[in-house]
Participant: 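Dropping a structure here in structure tokens format, bear with me for questions.
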Amino acid sequence: LLFDSEVGFYLHASSLFKTSGLADHEVYFAKLALSVAPADWDTADLWFSIIKGSTDLGYWDDAYSGIIAMPHATL
């Protein structure tokens, strides 16, 4: 196995797209990782990637939704 979980695969894919400058795909895979992340896992970096990527792409509604949905304890 190359990855220990779905989260690991999605994080890896997101980071590959981030280094390639493909923010749309980075955000997509960060959202997938967030959707399968365990409840006790620190997801602050994923939320940051989603919000920043959405802002960079001009997806203001998605960025705002990310800010509202992000757990406030991690702000």
Side-chain angles (χ1 to χ4, degrees):
L1 290 174
L2 295 175
F3 301 99
D4 59 347
S5 65
E6 281 183 282
V7 176
F9 172 74
Y10 294 144
L11 288 174
H12 178 70
S14 181
S15 68
L16 288 176
F17 287 118
K18 182 178 184 172
T19 58
S20 298
L22 299 169
D24 198 23
H25 299 295
E26 173 196 357
V27 169
Y28 176 76
F29 279 98
K31 286 180 180 180
L32 286 174
L34 187 63
S35 72
V36 296
D40 61 339
W41 206 56
D42 181 19
T43 58
D45 289 338
L46 288 173
W47 284 109
F48 178 74
S49 293
I50 292 167
I51 294 165
K52 183 174 182 334
S54 297
T55 302
D56 291 347
L57 291 165
Y59 299 159
W60 310 116
D61 291 337
D62 290 345
Y64 180 73
S65 296
I67 291 169
I68 296 302
M70 182 178 184
H72 295 295
T74 60
L75 289 175

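Index from 1, following the sequence. All values below were derived from every heavy atom in this structure, side-chain atoms included, with hydrogens, water molecules and symmetry-related copies excluded.
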Participant: Of all the heavy-atom pairs spanning G53 and V27, show the shortest one and how long it is.
Facilitator: CA-CG2, 3.6 Å
Participant: If you look only at pairs with a residue in residues 50-71, which of them pass as a ring-ring contact (aromatic ring centres under 6.0 Å, His included), with sequence neighbours excluded?
Facilitator: none
Participant: Measuring from I67:CD1 to D62:CG, what's the distance to the nearest 0.5 Å?
Facilitator: 11.5 Å
Participant: Distance check, rounded to the nearest 0.5 Å: L16 atom CG versus K18 atom NZ?
Facilitator: 12.0 Å
Participant: Hydrophobic clusters here meaning ILVMFWY residues chained together by side-chain heavy-atom distances under 4.5 Å, can you tell me if L22 and I51 are in one?
Facilitator: yes
Participant: In terms of hydrophobic clustering (I, L, V, M, F, W, Y; side-chain heavy atoms under 4.5 Å; direct or indirect links), are F48 and M70 co-clustered?
Facilitator: no
Participant: Return yes when atom CG of D45 has more than 12 non-hydrogen atoms of other residues, nucleotides or ligands closer than 6.0 Å, and no otherwise.
Facilitator: no
Participant: Answer yes or no: is there a donor N or O on one side and an acceptor on the other, between the side chain of S14 and the main chain of Y10, under 3.5 Å?
Facilitator: no
Participant: Using 30° and 60° as the class limits, which term best fits the ring planes of F29 and F17: parallel, tilted or perpendicular?
Facilitator: parallel
Participant: Measure across S54 and I50 and return the closest heavy-atom pair with its distance rounded to 0.1 Å.
Facilitator: OG-O, 2.8 Å
Participant: State, to 0.1 Å, how close A37 and T43 come at their nearest heavy-atom pair, and which atoms those are.
Facilitator: CB-CG2, 4.1 Å
Participant: Can you hop from W47 to W41 via hydrophobic side chains spaced under 4.5 Å?
Facilitator: yes
Participant: Do L46 and V36 share a hydrophobic cluster (ILVMFWY, side-chain heavy atoms under 4.5 Å, transitive)?
Facilitator: yes
Participant: Restricting to non-hydrogen atoms, name the atom on A33 and the atom on V7 that form the minimum distance, rounded to 0.1 Å.
Facilitator: O-CG2, 4.1 Å
Participant: With sequence neighbours excluded, tell me which residues meet salt bridge (charged side-chain N to carboxylate O under 4.0 Å, His left out) with K52.
Facilitator: D56
